[in-house]
Amino acid sequence: MIGTSHEVDARLLRAERDCELQESIVQEGRPELPDNRPAPLTVTQLDDLLGERSNQTRVVLGTTATGVRDVGDTLRAIAGRIVDWTLPPIGKPGVYKQQLVGGLPRQRRVVISDFARYPDARPEAPRQAVDWAETLLPTTPGVTRAVVIVTDPTQLGLWRRLLTGSEPTSAAPVVLRRHDRRTLRGWAQRVERFHTEDRLDRLHELTGGWPLLVDRAHRLHGELGDAALALDRLAGLRTDRAEARAFVEATGVYADPLLATGYRALAEEFKEDPFDLESAVTAVAVRNEDEEEARWIVTCLEALQVFDREETPLLRLEPLLRECVALQS
C-alpha cells in the first residue's frame with residue numbers, strides 16, 4: 001500500500017536524513033533573549049560554555065556586529081533558569097580570582113569575565129584572566145567551575161594566541177557567528193516576525209545575518225508594527241555613508257590597520273568571485289609582503305565573519321559588508 005520495496009527504502013533513507021537535518025537545525029539554533037531577540041550564541045556554543053562539571057576555560061571572540069555585548073546576559077538568562085546553576089557577580093580582579101578557587105561541591109558555577117561589555121581594563125588584563133583561569137583551580141574536592149572570558153577585537157593579541165595556537169593553552173576559543181538562513185527562519189517562525197519566505201529572504205539580504213542588524217530589524221518591527229516598513233528602513237544602510245561606516249567599524253574590520261588593508265586587498269582581488277583560503281593568503285601577502293602575517297590576517301578576518309562559506313571549500317566576501325566598505329572609498 002505504501003509502494004514498492006525500492007520506494008520504501010528511499011522513504012526510510014530520506015526520513016533518516018531529515019532527522020539528522022532537524023537535529024542540526026536545533027543545535028545551531030539560538031534561544032531568545034527576554035526581549036525576543038535571538039541570542040548571539042548557538043545551542044551548541046551554550047552547551048560548550050556551560051561545561052559538564054569540569055574545570056574549563058573558554059574565550060568568546062566576537063564583535064559588536066556579532067553580538068558580543070549580549071554574551072554575558074545570554075549566559076545569565078539561560079543558566080539562571082536552571083536549578084543549581086550560579087553565576088557569581090565579578091567586579092575587581094581580586095573577586096575574579098576568589099571565584100576561580102571557591103565554590104561548593106556539586107554546585108555548577110559559571111565565572112564570567114566580560115572585557116567586551118566593560119572594555120576599560122588594562123590591555124594585558126584579558127590574557128592575565130586566561131592565565132589565572134588555567135592556574136588557579138578550586139581548592140575543595142568536587143568543586144568545579146566553567147570560566148567564560150568575553151573579548152572583542154581590542155584584544156587581538158589574545159585572539160592570535162588562541163586562533164593560531166602560537167602558545168600552549170587549555171583555553172578554547174568560541175567564535176560568535178552570523179546567522180544563516182536556517183537560524184533566521186527558526187527564530188522568525190518562533191517570534192512570528194519576518195516569517196514569510198519573501199520577507200525571510202529580504203531579511204537575510206539586508207542584514208547579511210549580522211546579529212547587530214537582525215536586532216535592529218527586530219526593534220524596527222516593534223516600533224513600526226510592520227515587517228515591510230522595517231525592512232525598508234534597513235535598506236538605507238547601503239547608501240548612507242555614515243551608517244555604513246558605523247556598521248563596518250562594528251564588524252572589527254577597522255580594528256587594526258593590517259586587517260583593514262588585508263580586507264581591501266581581498267575586495268580588490270576577488271570582488272564578488274569565490275576563492276579558497278590559500279588564494280586569500282596569497283592576495284594579502286602580495287600587499288604586505290609577509291606570508292605568515294598574511295595567514296594570520298586571513299584567519300582573523302574569518303573569525304570576524306567577513307566570509308560567506310559556499311557548500312564547496314570556497315569562500316566569498318559577505319556582500320553587505322563588501323558594499324559598505326566600498327562606500328567608504
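Along the sequence shown, the residues carry numbers beginning at 1.
At distances below 3.5 Å, not a single donor-acceptor pair connects side-chain atoms of T140 with backbone N or O atoms of V143.
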Distance-only criterion, 3.5 Å: show the donor-acceptor pairs between side-chain atoms of residues 167-178 and protein atoms not counting sequence neighbours.
residue	atom	partner	partner atom	Å
E167	OE1	R127	NH2	2.4
E167	OE2	R127	NH2	2.8
T169	OG1	E134	OE1	3.2
T169	OG1	E134	OE2	2.9
T169	OG1	A171	N	3.1
S170	OG	E134	OE2	2.8
R177	NH2	E28	OE1	2.2
R178	NE	Q305	O	2.9
R178	NH1	G208	O	2.8
R178	NH1	D308	OD1	3.2
R178	NH2	F307	O	2.8
R178	NH2	D308	OD1	2.6

Give the table of side-chain donor-acceptor pairs shorter than 3.5 Å for residues 256-266, with sequence neighbours excluded, one pair per line with atom names and distance.
residue	atom	partner	partner atom	Å
D256	OD1	L258	N	2.8
T261	OG1	P257	O	2.9
Y263	OH	R322	N	3.3

If you look only at distance, which donor and acceptor atoms sit under 3.5 Å apart when one is on a side chain in residues 91-98 and the other is two or more places apart or in another chain?
residue	atom	partner	partner atom	Å
Y96	OH	A129	O	2.8

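Between W187 and H179, the gap from one ring centroid to the other reaches at least 6.0 Å.
Residues forming a ring pair (Phe, Tyr, Trp, His ring centres under 6.0 Å) with H204 (at least two apart in sequence, or on another chain): none. Under the salt bridge (charged side-chain N to carboxylate O under 4.0 Å, His left out) criterion, D35 pairs with R37, not counting sequence neighbours. The salt bridge (charged side-chain N to carboxylate O under 4.0 Å, His left out) check on D290 picks up nothing, with sequence neighbours excluded. Applying the side-chain hydrogen bond (donor to acceptor under 3.5 Å, both in side chains) rule to R76 yields no partners; only residues at least two apart in sequence or on another chain are considered. For E292, there are no salt bridge (charged side-chain N to carboxylate O under 4.0 Å, His left out) partners, not counting sequence neighbours. By the salt bridge (charged side-chain N to carboxylate O under 4.0 Å, His left out) test, E249 is found to be paired with R245, residues two or more places apart in sequence or in another chain being considered. Under the rule for a ring pair (Phe, Tyr, Trp, His ring centres under 6.0 Å), H195 has no partner lying at least two apart in sequence or in another chain.
Between L320 and L237, some side-chain heavy-atom pair lies under the 4.5 Å cut-off. V101 places none of its side-chain heavy atoms less than 4.5 Å from the side chain of P138. Residues V148 and L75 meet the side-chain proximity criterion, which asks for heavy atoms closer than 4.5 Å. Side-chain contact between I149 and V147: present, with at least one pair of heavy atoms (C-beta onward) separated by less than 4.5 Å. At least one side-chain heavy atom of T64 sits under 4.5 Å from a side-chain heavy atom of R69. Between V306 and E318 there is no side-chain heavy-atom pair separated by less than 4.5 Å. Between I90 and D114, every side-chain heavy-atom pair lies at or beyond the 4.5 Å cut-off. At least one side-chain heavy atom of L277 sits less than 4.5 Å from a side-chain heavy atom of V298.
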(request) Decide yes or no on side-chain contact (heavy atoms from CB on, under 4.5 Å) for D226 and H221, but give the supporting numbers first. (result) CA-CA 6 Å; D226 184 275; H221 191 291; over 6 Å; no

(request) List the steps and the verdict of side-chain contact (heavy atoms from CB on, under 4.5 Å) for L184 and R181. (result) CA-CA 5 Å; L184 272 183; R181 283 182 173 82; 5.7 Å; no

(message) Show, in sequence, the C-alpha distance, side-chain angles and deciding distance for V71 and V60, and conclude whether the side-chain contact (heavy atoms from CB on, under 4.5 Å) test is met.
(response) CA-CA 8 Å; V71 169; V60 175; 4.1 Å; yes

(message) Using side chain to side chain donor-acceptor pair (under 3.5 Å), reason through T66 and T63 one step at a time and then give a plain yes or no.
(response) CA-CA 5 Å; T66 54; T63 66; 3.1 Å; yes

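Annotation: the span from D276 atom CG to S279 atom OG amounts to 3.5 Å, rounded to 0.5 Å. Atoms OG1 and CZ, on T44 and R30 in that order, are 11.0 Å from each other to the nearest 0.5 Å. R190 contributes atom CZ, which lies 10.0 Å from atom CG of N36 (distance to the nearest 0.5 angstrom). Taking CG of L156 as the start and CH2 of W296 as the end, the distance is 6.0 Å to the nearest 0.5 Å. Going from atom CG of L224 over to atom CZ of R219 covers 10.5 Å, rounded to the nearest 0.5 Å. Summarising the geometry, atom CZ belonging to R287 is positioned 14.0 Å from atom OG1 belonging to T282; distances are rounded to the nearest 0.5 Å.
F194 is connected to L220 through a chain of hydrophobic side-chain contacts under 4.5 Å among Ile, Leu, Val, Met, Phe, Trp and Tyr, so both are in one cluster. Hydrophobic cluster membership is shared by W132 and L158, with clusters built from Ile, Leu, Val, Met, Phe, Trp and Tyr side chains linked at under 4.5 angstrom. Cluster annotation: V253 and L163 are assigned to the same hydrophobic cluster (Ile/Leu/Val/Met/Phe/Trp/Tyr, side-chain heavy-atom contacts under 4.5 Å, transitive). Note on V130 and L136: same hydrophobic cluster, where clusters join Ile, Leu, Val, Met, Phe, Trp and Tyr whose side-chain heavy atoms are under 4.5 Å apart, directly or indirectly. Residues L206 and V191 are members of one and the same hydrophobic cluster, defined by side-chain heavy-atom contacts under 4.5 angstrom among Ile, Leu, Val, Met, Phe, Trp and Tyr.
Partner of R202 under the side chain to side chain donor-acceptor pair (under 3.5 Å) criterion, out of D232, T207, T196: D232 alone. Screening L46, I78, D47 for a side chain to side chain contact (heavy atoms under 4.5 Å, CB included) involving L41 leaves a single residue, L46.
Residue pairs meeting the salt bridge (Lys or Arg N to Asp or Glu O under 4.0 Å) criterion with at least one partner in residues 57-66, sequence neighbours excluded, are D48-R58. Among residue pairs with one or both ends in residues 229-261, those qualifying as ring pair (Phe, Tyr, Trp, His ring centres under 6.0 Å) are W210-F247; sequence neighbours excluded.
In plain terms, the two heavy atoms of A79 and L50 that are nearest each other are CB-CD2, 4.1 Å. Between A283 and F270, the shortest heavy-atom distance links the atoms CB-CE1, 3.9 Å. Of all non-hydrogen atoms in R109 and G103, the two that sit nearest each other are NE-CA, 3.6 Å. Here the closest non-hydrogen pair linking P38 and D215 is CD-OD1, 4.0 Å. Contact detail for I112 and G72: the closest heavy-atom pair is CD1-O, 4.3 Å. The shortest non-hydrogen separation linking Q328 to R241 is NE2-O, 3.5 Å.
Look at E278 and R295 and you find a salt bridge, because one of the NZ, NE, NH1 or NH2 atoms lies within 4.0 Å of a carboxylate O, short of that distance.
Annotation for R233: atom CZ does not count as buried by contact number, only 12 or fewer foreign heavy atoms lying within 6.0 Å. Counting heavy-atom neighbours within 6.0 Å of E223 CD, excluding the residue itself, gives a total above 12.
A side-chain donor from one of T151 and W159 sits under 3.5 Å from a side-chain acceptor of the other.
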